[in-house]
Amino acid sequence: MLYIDTARWPAHGRLFAHLISDVSAAELHAFAELIGAPRRAFERDHYDVSAERAQIAVWLGARRVPSREIVARLVAAGLRRPRHLSASKGQKKAAQGLFPGRN
């Protein structure tokens with residue numbers, strides 16, 4: 001199943017939401033491609049998607065959940081990727097600059 005929270009994180013003059021899968025990264029990447037989310041928007045275990053793409057995601061079947069459920073569902077599914085398992089601090093991805101203060 002795919003889940004998305006409400007777009008409320010500002011960046012680049014827009015609001016962004018978090019899109020996750022509780023099944024697999026493959027399901028998440030396929031769905032993100034379907035809604036037109038660029039691969040650079042992937043961060044460890046979720047996609048940061050614009051409010052416009054979030055609406056498309058819900059229309060295509062993603063279930064809207066409160067933000068606090070995003071991490072809980074990833075942990076329960078065993079898909080949470082802690083920051084220390086991602087790229088080293090010196091090799092940040094372009095997508096990690098989307099939300100100041102979260103890097």
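Excluded from the calculations below are hydrogen atoms, water molecules and symmetry mates; all remaining heavy atoms, backbone and side chain alike, are included. Each residue takes its place number in the sequence, starting with 1.
Other members of the hydrophobic cluster containing Val71, listed by chain and number, are Val75; membership follows side-chain contacts under 4.5 Å among ILVMFWY residues, whether direct or relayed. In this structure, Val23 shares a hydrophobic cluster with no other residue, the cluster being traced through Ile, Leu, Val, Met, Phe, Trp and Tyr side chains under 4.5 angstrom apart.
Hydrophobic clustering (ILVMFWY, side-chain heavy atoms < 4.5 Å, transitive): Val58 and Leu2 are in one cluster. By the criterion of side-chain heavy atoms lying less than 4.5 angstrom apart, applied directly or through intervening Ile, Leu, Val, Met, Phe, Trp or Tyr residues, Phe42 is grouped together with Ile56 in one hydrophobic cluster.
Using a 4.5 Å heavy-atom cutoff, the side chains of Glu52 and Arg14 are in contact.
For the residue pair Pro38 and Arg53, the shortest heavy atom distance occurs at CD-NH1, 4.1 Å. Minimum heavy-atom separation, Ala7 to Leu15: O-CD1, 3.8 Å. The nearest pair of heavy atoms linking Leu19 to Ile35 is CD2-CD1, 4.0 Å. Residue Ile70 comes nearest to Ile20 through the heavy atom pair O-CD1, 3.5 Å, listed as atom of the first residue, atom of the second, then distance.
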Name every donor-acceptor pair, under 3.5 Å, that has one atom in a side chain of residues 25-33 and the other anywhere in the protein, sequence neighbours excluded.
{"residue": "Glu27", "atom": "OE1", "partner": "Ser21", "partner atom": "OG", "Å": "2.3"}
{"residue": "His29", "atom": "ND1", "partner": "Tyr47", "partner atom": "OH", "Å": "2.7"}
{"residue": "His29", "atom": "NE2", "partner": "Arg39", "partner atom": "NH2", "Å": "3.4"}

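Contacts of Ser67 classified as side-chain hydrogen bond (donor to acceptor under 3.5 Å, both in side chains), with partners at least two apart in sequence or in another chain: Asp5. Every residue meeting the side-chain hydrogen bond (donor to acceptor under 3.5 Å, both in side chains) condition with Arg73, not counting sequence neighbours, appears here in chain and number order: Tyr3, Glu69.
Each side-chain hydrogen bond (donor to acceptor under 3.5 Å, both in side chains) pair with one or both residues in residues 56-66, not counting sequence neighbours, would appear here, but there are none.
Remark: His46 NE2 to Leu79 CG distance equals 13.5 Å, nearest 0.5 Å.
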